[in-house]
Structures are given as C-alpha cells and as structure tokens.
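The first residue of the sequence shown is numbered 1, and numbering continues consecutively from there. Everything numeric in this text was worked out from a predicted model, so none of it was measured.
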Amino acid sequence: MAIYAVMKTGGKQYRVAPGDVVTVEKLSVAPGATVEISEVYLLANSQGVTVGNPTIANARVVAEVVEEGRHKKVIIFKKKRRKGYQRTIGHRQYFTTLRISEIAVGDNVYKAEATVARPDAPKAIAAVPAQPLPTKSDRTKASATKSVPTPKAPSPKETVPVKPESVAQDDHTTGAQNEPPAKTPEPTIAARETTRPIAPPGGTPPESRIETAKIAKEPAHHKYRYWIVAVIIIALLTGIGFLIFGDRDQRGPENAVPVSAQPEKTPPSKAKPPVRDVNIKKPTGASTPSAPVRPPD
C-alpha cells in the first residue's frame, strides 16, 4: 500500500508522499533549508489509515525547500455600471516549492525509496562547460592578427594591334591569314533635332523658301491668338448692339404728352350724409302724461 499523508500549510491541505514535489504558499525559509510540518490530518501506511482529531499526535512531514518564486500575473477588473467606476489591478502570488523527504509518526519514519540504476538505462552525457563570449577588445585583437587577403586587380584585356592598310594588302597578296581586330563599342551620340525648311516646288526664289521656313517654325501656341481676338471682337459687337437696341423698350411713343402738360386730377368731393328731420309733437296741458315722454330716435 502506498504511503501518503494529508498536511495543512498556508490555510490549504495537500496530499503528499515521500519524494513528491509540492508548490505551497510562501514560507519564510531560504532555499536549501529543511521544514517540518506538524499539522497532519491523515496518514495511510501498510497498517491502515489513521485519521486525526483534528490532527495526528507525534506526526510530522519533513520537506526541503527547493525554490521560491511568483505565479503568472492575474488581472482583476472591477466596474460599476452607470457609476463611472472601473479599476484594473494586476497580482502575482508568491509560492514556495517543497520536496517531501520523509513522513514520520513517532519512531516510524517513512522515506522515499532509493532508485536502482538499470543496466539498460542510457548513460548520462557529461555537460560541457560553456565558454564565455568574446568581448569587444578580443574581437579587435583577433581581427588585427589575421591577415586579410587583398583582392587582385583584374588584368586589362590585351588589345590586338591594328596593321596599316599597306601591310594588310601585302599579307593578303602573300596569302597570310590575319585575325580580325577586336570590335570596340562605338560611343553613341544623341542626334540633335534640326528644323529644316519645307522644300518648295522647283523654280521658287530663295525669299519664298525663307517665308515657308518661318511658317514651319511658328509654334503652335500662336494659333490661340486668333481665337482670342475673335472672341474680343464678338464681345464688343454684342455690347454695342445691347446699347443701341436695349433702350428701345424703355422709350415712350412719339405722340406722348409730357407729364408736366397733363391736367391735374381733382380728387372726388366727399358727399355729406342727409339730415333726417324729426317732428316732435308738443303735448297739450290736458293730456299731460304722468311720465316724461321720450323723444323718438
């Protein structure tokens, strides 16, 4: 039966066995030191399972501190809706790595089983010590000691001597075979643009040739001058016509009487409203009413 125990450290419980490597909460112990954890809640061995109340008396777990470090960063984001509140916080938790060396209960100690080397196991390869990288001064010294071969200049091509014509004729008569001279690239010269006068028909005098040459040399932008002059003349003609014929509608007829000679119009007289005659009868003394008589309207 496998031997294991349940211990508590950092507020958490861990199931461990001899030889296991466990990551627990940070302990105030330097790497390489030994730690004893006495809070053991359960112990299982060949005799059975023992459960503590709450812990097992005289039980302990001995472990060796391997390293200390921090876990990966965890992002904590808080936000309250419609309140304009949000916070972002990052956290990295510290941890300590332990290697369980033994589990002890009183005088009984359970250690990790020793590993037996197998004959067919591959042999370990000895690690080669790493060589330090060369510094800047070492590089400059190495470059100064090494001789850098200088590149050789390319040899110029041998030019074949050209024989004069007299010697070439002699060689041709004697039947000697002459090698053709090496062809050298001729420099290309850009041809200049020359304007030549138009060739007039035969029998024309030289003066007419000069005139035709001037017409041929006349640039193209001179053609637009005629169009501009024509547009100006048309605009002047339209303006003159508008001045002459535009006021005809505003003029009156020839027999029209001037305003000063026309008689003044008299305003119509206002008629007075007719006066309504009302006959009031005077009452007699015998027939005097008890109430005053109101005249008719």
Side-chain angles (χ1 to χ4, degrees), residues 1-139 142:
M1 182 178 180
I3 300 170
Y4 65 90
V6 177
M7 66 175 186
K8 179 182 178 182
T9 175
K12 300 177 183 179
Q13 297 181 9
Y14 301 90
R15 181 181 183 273
V16 296
D20 291 351
V21 178
V22 187
T23 301
V24 299
E25 296 296 330
K26 183 182 177 182
L27 302 174
S28 58
V29 182
T34 304
V35 180
E36 287 188 4
I37 299 170
S38 59
E39 289 185 298
V40 179
Y41 291 96
L42 183 142
L43 179 63
N45 53 15
S46 58
Q47 298 176 2
V49 178
T50 305
V51 180
N53 187 16
T55 59
I56 300 173
N58 300 327
R60 62 187 184 277
V61 176
V62 181
E64 180 185 358
V65 179
V66 178
E67 63 175 351
E68 291 181 350
R70 300 174 71 183
H71 290 288
K72 293 183 179 179
K73 182 179 287 187
V74 180
I75 303 298
I76 299 96
F77 180 75
K78 299 179 181 180
K79 182 176 181 180
K80 293 181 181 180
R81 190 173 58 173
R82 297 188 297 272
K83 302 298 180 182
Y85 171 84
Q86 63 180 17
R87 295 289 183 271
T88 303
I89 304 170
H91 174 70
R92 294 185 67 187
Q93 183 66 24
Y94 288 91
F95 68 87
T96 301
T97 305
L98 301 177
R99 181 182 288 109
I100 307 302
S101 57
E102 60 182 35
I103 298 173
V105 179
D107 297 335
N108 298 328
V109 178
Y110 303 97
K111 295 184 179 181
E113 296 179 358
T115 57
V116 180
R118 294 180 298 174
D120 57 346
K123 295 181 180 180
I125 301 172
V128 180
Q131 297 180 357
L133 295 174
T135 59
K136 189 175 181 181
S137 59
D138 298 339
R139 292 176 185 174

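Scanning all heavy atoms of the two residues, the minimum distance from S101 to P18 falls at O-CB, 4.4 Å. Residues V109 and A104 share a closest heavy-atom pair of CG2-CB, 4.0 Å.
Among residue pairs with one or both ends in residues 21-40, those qualifying as salt bridge (charged side-chain N to carboxylate O under 4.0 Å, His left out) are K12-E25; sequence neighbours excluded. The list of ring-ring contact (aromatic ring centres under 6.0 Å, His included) pairs with a residue in residues 15-49, not counting sequence neighbours, is empty. Among pairs with a residue in residues 51-64, none fulfils side chain to side chain donor-acceptor pair (under 3.5 Å), at least two apart in sequence or across chains. Residue pairs meeting the salt bridge (charged side-chain N to carboxylate O under 4.0 Å, His left out) criterion with at least one member in residues 82-92: none, sequence neighbours excluded.
Every residue two or more places apart in sequence or in another chain that forms a side chain to side chain contact (heavy atoms under 4.5 Å, CB included) with I89 is listed here: I76. With sequence neighbours excluded, the residues that form a side chain to side chain contact (heavy atoms under 4.5 Å, CB included) with V16 are M7, Y14, V22, V61, I100. T23 is linked by a side chain to side chain contact (heavy atoms under 4.5 Å, CB included) to H71, F95, T97, counting only residues two or more places apart in sequence or in another chain. Under the side chain to side chain contact (heavy atoms under 4.5 Å, CB included) criterion, V51 pairs with L42, V49, sequence neighbours left out.
Side-chain contact between V21 and L98 is absent, with no heavy atoms from C-beta onward closer than 4.5 Å. You'll find the side chain of I103 stays beyond 4.5 Å of the side chain of V62, heavy atoms only.
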